[in-house]
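When a residue number appears, it is its place in the shown sequence, counting from 1.
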Amino acid sequence: MAITEPTIYVPLALCVAYVAWRFFAPTFFMNRELARHARMDMQREHERARLIEALAPLEPKVGPNEIEAAIERYLDRR
């Protein structure tokens with residue numbers, strides 16, 4: 001049985017593919033999760049800015065801390 005025999009390449013390729021999967025897959029999925037959380041944070045900050053702009057006329061009547069607390073409660077519920 002020589003190394004040039006084609007039947008050795010199938011298990012060898014499967015072994016190499018398995019090792020590559022075990023090495024690269026966690027990084028791929030971790031990067032995907034990090035990107036998803038970054039998108040969620042960006043969407044939350046965009047919504048926060050939109051709510052601050054919409055509630056700005058109420059700030060003199062209610063106070064800035066109360067508006068910030070209301071926005072936090074609203075965003076945390078979602």
Side-chain angles (χ1 to χ4, degrees):
M1 183 167 177
I3 194 72
T4 57
E5 192 172 330
T7 55
I8 193 69
Y9 292 120
V10 172
L12 185 63
L14 289 174
C15 182
V16 168
Y18 175 75
V19 169
W21 171 257
R22 295 293 293 171
F23 183 75
F24 291 113
T27 305
F28 170 76
F29 289 114
M30 187 174 12
N31 287 341
R32 194 173 75 175
E33 279 297 304
L34 288 173
R36 186 173 72 86
H37 283 285
R39 280 192 308 272
M40 288 172 25
D41 288 345
M42 187 172 57
Q43 182 180 7
R44 182 180 173 98
E45 289 305 314
H46 174 72
E47 183 126 10
R48 173 190 299 282
R50 193 175 61 78
L51 288 170
I52 287 174
E53 184 180 324
L55 297 174
L58 296 176
E59 191 171 343
K61 297 176 186 173
V62 179
N65 293 338
E66 191 62 36
I67 288 180
E68 190 65 34
I71 290 172
E72 280 299 315
R73 283 193 306 269
Y74 174 76
L75 290 175
D76 286 342
R77 263 188 289 155
R78 294 186 73 219

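Ion pairing between Arg50 and Glu53 fails under the 4.0 Å rule for side-chain N and carboxylate O. With respect to the salt-bridge test (charged N to carboxylate O, under 4.0 angstrom), the residues Arg44 and Glu47 do not qualify.
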For residues 30-41, dump all side-chain donor-acceptor pairs below 3.5 Å to protein atoms at least two apart in sequence or in another chain.
residue	atom	partner	partner atom	Å
Asn31	ND2	Thr27	O	3.4
Glu33	OE1	Arg36	NH2	3.0
Glu33	OE2	Arg36	NE	3.4

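Remark: Tyr18 OH is loosely packed, at most 12 non-hydrogen atoms of other residues, nucleotides or ligands lying under 6.0 Å away.
When all heavy atoms of Pro60 and Ala56 are compared, the pair lying nearest together is CD-O, 3.8 Å. Looking at every heavy atom in both residues, Leu55 comes nearest to Ile67 through O-CD1, 3.4 Å.
Considering CD of Glu72 and CZ of Arg48, their distance stands at 4.0 Å, rounded to 0.5 Å.
Linking ILVMFWY side-chain heavy atoms closer than 4.5 Å, directly or via other members, places Val16 and Trp21 in two distinct hydrophobic clusters.
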